[in-house]
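In what follows, a structure is listed as structure tokens, so that the remarks can point back to it.
Nothing here was measured: the structure is a model prediction, and the numbers come from that model. Letters A, B, ... are given to chains in the order of the sequence lines, protein chains preceding strands, and every chain is numbered from 1.
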Amino acid sequence: MPELPEVETLRRCLEPYLVGRRIESTRVRNPKLRWPVPIELPARLQGRVIQGLERRGKYLLMHLADGAVILHLGMSGCLLVRPEGAPAATHDHLEIVLDSGKVLCLNDPRRFGCVLWCPGDPLEHPLLAGLGPEPFAPAFTGDYLYQRARGRKATVKAFIMDSRIVTGVGNIYANEALFAAAIDPRRAAGRISRKRYHALAAALVEVLRQAIQQGGTTLRDFRDAVGNPGWFQLQLKVYGRAGEPCPRCLRPLSEVRLAQRATTFCAACQR
DNA sequence: ACTGGCTCCTGAGGGC
DNA sequence: TGCCCTCAGGAGCCAG
């Protein structure tokens with residue numbers, strides 16, 4: 001389930017294979033994703049040079065001279081670099097053949113991902129225009145979170161997982177950051193002090209930074225573009241550990257569902 | 001302006 | 001061994 005660190009890991013891994021390369025051809029093996037792969041995509045990409053690979057939240061943006069490909073991996077998507085001629089796999093949706101002889105392949109069993117063509121600036125695309133700041137951007141601060149939380153009755157966990165507030169934070173890292181900041185995930189976002197939001201912002205940045213450093217979290221199937229797993233799962237403190245002792249106070253970790261998502265926390269030391 | 005619930009999809013894993 | 005059931009979740013969308 002790619003969140004920001006997994007998408008950033010992929011971006012870094014893919015960059016040297018893609019940037020500066022010319023696209024020879026594009027094969028759409030299965031257009032069925034969250035939205036259908038645009039029918040004109042192969043023609044748009046044909047002969048174009050990839051000028052950059054950018055990440056915005058959990059979106060990857062492949063910049064060409066006259067537009068960009070917007071990619072999202074949903075929760076089961078992966079991008080793999082393979083040699084031309086390698087056999088296709090089940091759930092391969094798209095293959096982009098590069099002039100290097102390598103092929104960029106999108107595989108997505110659950111089809112929650114998407115591939116879109118954007119003729120203009122992708123940051124102004126409706127899917128991206130309303131996104132909140134990147135966690136690593138200067139604009140993302142405790143003060144910012146505190147201000148945005150005024151009057152909010154939703155839980156703080158739903159609040160930090162809202163991409164309009166801050167981008168890229170999924171379930172795993174929301175759980176981990178709330179644990180690190182010792183905040184009860186069930187607490188209403190509007191009922192948390194400015195000081196505690198400073199701690200939360202710092203915790204989010206630190207958890208994401210460490211996860212990127214570890215190459216992301218591989219729970220079941222995350223791999224980078226050449227098949228390497230991430231290692232941050234070894235450092236998860238609470239996610240997937242309900243019933244185990246809290247790393248801080250040793251009382252058993254609790255699990256509840258918030259906003260349809262598994263939420264693990266320590267009811268004793270997260271307040 | 002917010003909020004919670006629904007929806008898409010397939011593979012893994014548990015129970016029997 | 002095999003079948004059936006439940007669950008996992010990103011995020012757009014919509015009704016209230």
Worksheet item: What integer distance in Å separates L258(A):CG from dG9(C):P?
Response: 12 Å

Discussion item. Under 4.0 Å from OP1 or OP2 of dC8(B): is there any side-chain N or O of R110(A) that close?
Written reply: no

Discussion item. Taking only side-chain N and O atoms of H91(A), does any of them lie within less than 4.0 angstrom of OP1 or OP2 on dG11(B)?
Written reply: yes

Fill in: Whole-Å gap separating P (dT3(B)) and CZ (R164(A))
9 Å

Worksheet item: Any donor-acceptor pair under 3.5 Å joining the side chain of R261(A) to the base of dA11(C)?
Response: yes

Worksheet item: Has F112(A) got its ring stacked on dG10(C), by the test of a centre gap below 5.5 Å and a plane angle below 30°?
Response: yes

Worksheet, complete the sentence: Scanning both residues in full, the closest heavy-atom pair of P38(A) with W117(A) reads CG-N, 3.7 Å

Worksheet, complete the sentence: 5'-most contact on DNA chain B (nearest-nucleotide basis), Q260(A) vs R150(A), goes to R150(A)

Practice prompt. Classify the nucleic acid contact of L127(A) as base, sugar-phosphate or nothing, counting any heavy atom under 4.0 Å across all strands shown.
Written response: sugar-phosphate

Practice prompt. For K153(A), answer base if it contacts any base atom (sugar-phosphate contacts may also be present), sugar-phosphate if it contacts only those atoms, and nothing otherwise; contact means non-hydrogen atoms under 4.0 Å.
Written response: sugar-phosphate

Practice prompt. Step through the shown structure and confirm whether more than 12 heavy atoms of other residues, nucleotides or ligands are within 6.0 Å of CZ on R150(A).
Written response: yes

Worksheet item: For the side-chain hydrogen bond (donor to acceptor under 3.5 Å, both in side chains) test, which of K157(A), R257(A), E255(A) pairs with T263(A)?
Response: K157(A)

Worksheet entry | Spacing between M161(A) atom CE and dA11(C) atom C1', to the nearest angstrom | 10 Å

Worksheet entry | Spacing between W35(A) atom CH2 and dC13(C) atom P, to the nearest angstrom | 6 Å

Worksheet item: Any side-chain heavy atom of L104(A) within less than 4.5 Å of one from L94(A)?
Response: no

Practice prompt. Using atom CG of N107(A) as one end and atom C1' of dC9(B) as the other, report the distance to the nearest whole Å.
Written response: 13 Å

Worksheet item: Just wondering, are more than 12 heavy atoms of other shown residues or ligands nearer than 6.0 Å to CH2 in W35(A)?
Response: yes

Worksheet item: Any side-chain N or O of Y239(A) less than 4.0 Å from the OP1 or OP2 oxygen of dG9(C)?
Response: yes

Worksheet, complete the sentence: Interatomic distance, CZ@R271(A) vs CZ@R186(A), rounded to 0.5 Å, equals 8.5 Å

Discussion item. Of the options dG10(C), dT3(B), dT10(B), whose atoms approach the side-chain atoms of R152(A) most closely?
Written reply: dT3(B)

Worksheet item: Rounded to the nearest Å, what distance is computed from the CZ atom of residue R111(A) to the P atom of nucleotide dG9(C)?
Response: 21 Å

Worksheet entry | Residue-phosphate contact under 4.0 Å: R257(A) side-chain N/O, dA8(C) OP1/OP2 | yes

Discussion item. Counting the atoms with a prime plus P, OP1 and OP2 as sugar-phosphate, which does A158(A) contact under 4.0 Å by heavy atoms, base, sugar-phosphate, or nothing?
Written reply: nothing

Discussion item. Need one value for F222(A): base, sugar-phosphate or nothing, where a base atom within 4.0 Å counts as base even if backbone is also close, heavy atoms only.
Written reply: nothing

Worksheet item: CD1 of I165(A) versus P of dA11(C): gap in Å, rounded?
Response: 14 Å

Worksheet item: Does the side chain of Y59(A) get closer than 4.0 angstrom to OP1 or OP2 of dG12(C) through an N or O atom?
Response: yes

Worksheet item: When you measure from the side chain of A154(A), which nucleotide among dG4(B), dT10(B), dG9(C) comes out closest?
Response: dG4(B)

Worksheet item: Taking atom P of dG9(C) as reference, at what distance in whole Å does atom NZ of K58(A) sit?
Response: 11 Å

